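Notes follow the structure.
Here is the naming used below: chain letters follow the sequence lines, and residue numbers restart at 1 for every chain. All values reported here derive from a predicted model rather than from experimental measurement.
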Amino acid sequence: MEIPKTYDPRAVENKWYAHWLKHKFFKSTPDEREPYTIVIPPPNVTGVLHMGHMLNNTIQDVLIRRARLQGKNACWVPGTDHASIATEAKVVAMLKEQGINKTDLTREEFLEHAWKWKEKYGGIILKQLEKLGASCDWDRTSFTMDEPLSEAVIDVFIDLYNKGQIYRGVRMVNWDPQGLTAVSDEEVIHKEVNSKLYYVRYKIEGSADEWITIATTRPETILGDTAVCVHPDDERYKHLKGKRCIIPMVNRSVPVIFDEYITMEFGTGALKVTPAHDINDYNLGVKHNLEIIDTIAADGKMSAAAKFYIGEDRFTVRKKIAKDLEELGHIVKVEDIKNKVGYSERTSAVIEPKLSMQWFLKMDTVSKPALENVVNGEIKLIPEKFINTYKHWMENVHDWCISRQLWWGQRIPAWYDEKGKTVVCKTREEAIAKLGTQDVRQDEDVLDTWFSSWLWPISVFDPKVFGADKNYKGNADINYYYPTNDLVTAPEILFFWVARMIIAGYEYKEAKPFTNVYLTGIVRDKQGRKMSKSLGNSPDPIDLIEKYGADGVRVGMLLCSPAGNDLPFDESYCEQGRNFSNKIWNAFRLVKMWETSSAAQPQANKVATEWFEARFNEQLEIINDLYSKYRISEALMATYKLVWDDFCAWYLEMIKPEFVDGKSLPIDQTTYDATINFFEKILKVMHPFMPFITEEIWSLIKDRKEKENIIIAEWPEVKAADKNLLAMFEVISATIAEVRNVRNNKGISPKEKLSLYLKSKSEDKENLFDEIIIKLANLDKFEITENKIENSISFMVKHFEFYVPFLSAININEEKTRINKEIEYNKGFLQSVEKKLSNEKFVQNAKAEVIEIEKKKQADAESKIKALEEQLASLG
RNA sequence: GGGAGCUUAGCUCAGCUGGUUCAGAGCAUCUGCCUUACAAGCAGAGGGUCACUGGUUCGAACCCAGUAGUUCCCA
């Protein structure tokens with residue numbers, strides 16, 4: 001059989017993914033095994049796969065595949081969320097292209113278009129996950145607006161309303177003038193920007209020429225001012241008590257009020273108060289009973305109440321009014337200033353604080369168990385540093401604005417009669433009965449998308465949990481899979497989503513939704529910028545997969561992703577991943593090429609197999625431990641080194657048969673069998689990271705039965721590792737490296753055979769497995785000598801002293817310098833050890849073991865120096 | 001403005017309760033090799049006053065205080 005020299009992932013990956021699907025290896029149904037469950041953070045239905053998804057889902061797949069190998073009933077539930085704002089915006093844009101205005105459609109017509117859009121484009125991202133190898137149970141694919149899940153959302157709204165946790169009220173909300181909806185506090189991104197601070201003077205009412213100067217970054221809101229506020233202790237303004245001033249342009253008389261809220265040092269110490277357009281001003285307004293004049297309409301343009309610039313955008317007006325005030329003589333000065341401005345997470349529009357009627361969920365009581373159970377470790381955040389952030393947020397949590405002025409989403413089940421009387425119930429019929437009139441109107445708004453996805457870990461298994469029947473015990477799925485095990489997500493949605501899922505878990509299942517929350521880093525480009533579509537600095541993951549193979553990209557992603565740390569992504573990591581694929585592929589080619597013989601197993605091969613067995617067990621234990629701590633990138637690195645260094649570079653080289661007359665000699669059957677067994681084991685350990693290539697090699701390395709696939713194989717068990725053997729191998733490998741070093745330094749070809757002598761009186765060389773050293777160091781002999789060898793290069797490994805004799809004369813001076821340097825180093829070291837040991841306080845305070853160690857260091861250094869000095873003397 | 005974290009080799013990161021031959025790994029770099037598994041490779045090597053300053057200690061990358069830089073969260 002001819003095996004290509006380089007591994008080609010393309011054909012292999014499609015083939016195996018189809019095979020896994022065909023045999024339903026990803027499918028999970030409750031049984032007697034231990035469950036291992038992950039629910040996917042549902043990607044946005046409008047989304048296409050980006051590097052963040054790539055990282056996130058690779059980690060989930062690694063965890064799921066390993067659990068599956070460990071014999072657990074692994075269930076990874078996929079799905080998408082309906083992303084109300086983003087999707088509605090997409091659909092509106094699409095309709096616009098077709099010449100249709102949203103405002104010309106009825107709600108039902110619009111939703112019909114939206115659903116069509118969803119059917120057409122909504123599945124793209126899930127298809128892309130297949131390319132990556134994601135082993136989700138696709139039969140369980142959920143969507144937050146699926147009928148049963150939507151019903152669950154409505155049930156929850158009604159339930160919380162009935163419990164008095166949901167209320168409706170006029171509040172200052174974060175208004176997105178582009179999306180034309182309120183957004184929650186968490187959806188506002190504050191950014192520092194360069195602004196101007198305008199100093200504007202207002203005339204004191206009834207005075208000839210007395211003024212009060214305020215400072216503002218938003219002069220366009222002057223038209224809505226209903227007071228000017230100063231600090232009661234401010235000497236500059238004490239005389240204005242009881243006075244009023246005149247708002248320019250609109251010529252409105254407003255009071256000068258006094259409040260300790262004011263920072264005297266900022267600006268002039270006098271604050272203009274616009275209760276309709278600033279949350280702090282709003283609070284002042286409530287306190288001082290001020291008039292509220294809403295001068296900015298929902299679309300960010302000036303309303304009729306403003307009286308000027310009606311219909312013009314707030315930012316245009318900012319420039320115009322500054323100019324007009326200047327002309328009227330009201331501008332005192334203008335300064336440059338840096339201030340924070342809120343932007344909508346969804347549309348990037350500048351958020352406008354706006355008073356409006358919204359629905360809120362009270363957070364104080366429902367959030368209690370969610371705080372408690374993270375602080376006490378019942379739910380673990382990985383890395384732990386996020387507990388601080390989480391705690392801080394939960395302790396200062398605000399009520400959650402859950403209504404959105406959109407059509408795409410679950411419509412709020414609140415009904416009003418013509419007088420505005422409100423009932424909350426599931427159907428119009430119920431509402432009619434309760435309100436006692438046919439004339440009922442349902443609330444126009446929908447619920448925040450997170451108000452769906454906070455139920456996700458429950459609703460994907462059993463949406464009926466939220467139903468009215470309080471005695472409902474749950475279906476087989478929820479009782480088996482819940483609580484789920486791990487959640488893998490980005491820290492940016494810790495509050496949006498994670499915290500709220502925990503709240504819902506305790507509220508509706510009296511149990512946590514998951515045990516571990518693994519928070520990944522943010523994928524950044526080389527310059528440290530977050531990868532985003534708008535910056536165009538993100539590679540297309542699908543292109544990367546084409547180029548390096550899914551296995552290569554998976555490895556590449558994980559190599560640079562310690563938990564919770566951002567990862568500055570670079571394609572070269574994928575290259576490293578691809579190279580790793582190729583390495584294991586070629587190891588496979590080598591082994592596959594061998595023919596076997598019935599000859600007895602040579603001693604060297606026996607030792608080699610025993611060593612690798614020990615090494616494998618030692619490393620597997622480390623790898624298991626790293627997994628248990630969710631140190632995934634380190635588990636990968638340990639796996640990488642086990643495969644590349646230990647298996648390929650050492651083990652295979654040790655047992656590799658010689659090439660004679662253009663043909664490999666056969667290998668003995670015992671060693672061959674052991675090697676295949678090792679190969680299978682390392683493939684299993686690699687499989688979570690590199691599912692495709694491991695499945696391919698697994699299928700080729702041995703005759704397999706139908707459905708005998710690595711994806712459902714068993715994770716190897718750790719057996720005791722022979723510590724002595726491992727220690728001895730350290731000496732062997734160091735010896736081989738020293739000989740190779742001699743070659744390199746002296747410019748001797750690797751093909752030229754050398755001799756090696758060990759200075760020893762005893763027979764301890766036997767333990768050094770001479771055959772292996774002879775083979776890997778390319779020696780013609782390896783012997784014991786009682787005396788030093790003339791004209792040779794010497795080196796030491798531990799307490800062993802070696803000689804490599806030379807036919808040609810060696811440069812004595814060079815050797816002397818080298819040995820002297822080494823003596824010097826060892827003497828310096830010895831000195832530091834002796835200094836420690838002669839320090840009374842050290843001897844008194846240090847632990848006995850530590851002192852023992854120091855004494856051993858002393859003895860070792862002394863004997864080494866002695867040996868080196870003898871070598872030096874022998875050089876004359 | 002308040003809070004949290006980070007700063008170790010050119011890059012990305014390890015370094016457990018302070019104590020094994022004067023800090024480890026991968027990549028990158030340099031040198032030599034196209035040695036019939038792999039040049040997407042092999043063999044070897046170099047590279048760090050552990051951000052800075054001070055303190056505690058017999059002993060500090062690790063503990064404490066301060067300074068600087070940086071990231072994130074909240075307002």
To the nearest 0.5 Å, what is the distance between [atom1] on [X] and [atom2] on [Y]?
{"X": "A/I502", "Y": "A/W497", "atom1": "CD1", "atom2": "CH2", "answer": "10.5 Å"}
{"X": "A/K702", "Y": "A/I676", "atom1": "NZ", "atom2": "CD1", "answer": "8.0 Å"}
{"X": "A/D646", "Y": "A/K641", "atom1": "CG", "atom2": "NZ", "answer": "9.5 Å"}

Would you mind reading off the distance between [X] atom [atom1] and [N] atom [atom2], rounded to a whole angstrom?
{"X": "A/K5", "N": "B/C38", "atom1": "NZ", "atom2": "P", "value": "5 Å"}
{"X": "A/I693", "N": "B/C38", "atom1": "CD1", "atom2": "P", "value": "16 Å"}
{"X": "A/F386", "N": "B/C73", "atom1": "CZ", "atom2": "C1'", "value": "10 Å"}
{"X": "A/N586", "N": "B/C34", "atom1": "CG", "atom2": "C1'", "value": "15 Å"}
{"X": "A/R743", "N": "B/G32", "atom1": "CZ", "atom2": "C1'", "value": "12 Å"}
{"X": "A/E834", "N": "B/C58", "atom1": "CD", "atom2": "P", "value": "22 Å"}
{"X": "A/Y630", "N": "B/C16", "atom1": "OH", "atom2": "P", "value": "22 Å"}
{"X": "A/L559", "N": "B/A40", "atom1": "CG", "atom2": "P", "value": "19 Å"}

Gap in Å between the two [atom1] atoms, one belonging to [N] and one to [M], rounded:
{"N": "B/A75", "M": "B/C63", "atom1": "P", "answer": "31 Å"}
{"N": "B/G3", "M": "B/A40", "atom1": "C1'", "answer": "48 Å"}
{"N": "B/A61", "M": "B/G18", "atom1": "C1'", "answer": "10 Å"}
{"N": "B/G48", "M": "B/U29", "atom1": "C1'", "answer": "15 Å"}
{"N": "B/G1", "M": "B/A51", "atom1": "C1'", "answer": "26 Å"}
{"N": "B/G59", "M": "B/U7", "atom1": "P", "answer": "25 Å"}
{"N": "B/A28", "M": "B/G69", "atom1": "P", "answer": "35 Å"}
{"N": "B/G47", "M": "B/G24", "atom1": "C1'", "answer": "14 Å"}

Heavy atoms from C-beta onward define the side chain here; which of [options] lies closest to that of [X]?
{"X": "A/R589", "options": "B/C38, B/A25, B/A43", "value": "B/C38"}
{"X": "A/Q576", "options": "B/A4, B/C27, B/A43", "value": "B/C27"}
{"X": "A/M637", "options": "B/U35, B/C58, B/G26", "value": "B/G26"}
{"X": "A/T389", "options": "B/C73, B/G26, B/A45", "value": "B/C73"}
{"X": "A/C648", "options": "B/A37, B/G2, B/G41", "value": "B/A37"}

Under 4.0 angstrom between [X] side-chain N/O and [N] OP1 or OP2:
{"X": "A/N579", "N": "B/G41", "value": "yes"}
{"X": "A/W644", "N": "B/A40", "value": "no"}
{"X": "A/N741", "N": "B/A45", "value": "yes"}
{"X": "A/Y640", "N": "B/C27", "value": "yes"}

Checking all strands, does [X] fall into the base, sugar-phosphate, or nothing category for heavy-atom contacts under 4.0 angstrom?
{"X": "A/F495", "value": "sugar-phosphate"}
{"X": "A/R578", "value": "base"}
{"X": "A/N582", "value": "base"}
{"X": "A/K656", "value": "base"}
{"X": "A/W594", "value": "nothing"}

One thing to verify: whether A/E618 and A/R615 come together as a salt bridge, which I'm taking to mean a side-chain N less than 4.0 angstrom from a carboxylate O.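 Salt bridge flag = yes for A/E618 with A/R615.
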
Pairing of A/K629 and A/E634 as salt bridge, 4.0 angstrom limit: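 Looking at A/E634 together with A/K629, the answer is no, because their closest N to O distance does not fall below 4.0 Å.
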
Closest nucleotide of RNA chain B for A/R631 versus for A/A737: which of these residues is on the 5' side?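 Closer to the 5' end of RNA chain B: A/R631.
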
Which comes earlier along RNA chain B counting from the 5' end, the contact point of A/D645 or that of A/E653, where each point is its nearest nucleotide?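 Nearest nucleotide further toward 5': that of A/D645.
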
For [N], the Watson-Crick or wobble partner whose two distances fall under 3.5 Å:
{"N": "B/A65", "result": "B/U53"}
{"N": "B/C13", "result": "B/G24"}
{"N": "B/A39", "result": "none"}
{"N": "B/U70", "result": "B/G5"}
{"N": "B/C30", "result": "B/G44"}

For the base of B/A28, is there a side-chain donor-acceptor partner from A/E575 under 3.5 Å away?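 Such a pair does not exist between side chain and base.
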
Any N/O donor-acceptor pair, A/K583 side-chain to B/C38 base, under 3.5 Å: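 By the distance-only test, yes, there is a pair.
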
Establish, from distance only, whether the side-chain atoms of A/N339 and A/S195 form a donor-acceptor pair under 3.5 Å.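 Distance-only check passes for A/N339 and A/S195.
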
Between A/Y548 and A/S581, do the side chains contain a donor N or O and an acceptor N or O under 3.5 Å apart?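 There is no such pair (donor and acceptor under 3.5 Å, judged by atom type) between the side chains of A/S581 and A/Y548.
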
Other residues, nucleotides and ligands only: do more than 12 of their heavy atoms fall within 6.0 Å of CD on A/E658?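 Counting other residues, nucleotides and ligands, CD of A/E658 stays at 12 neighbours or fewer.
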
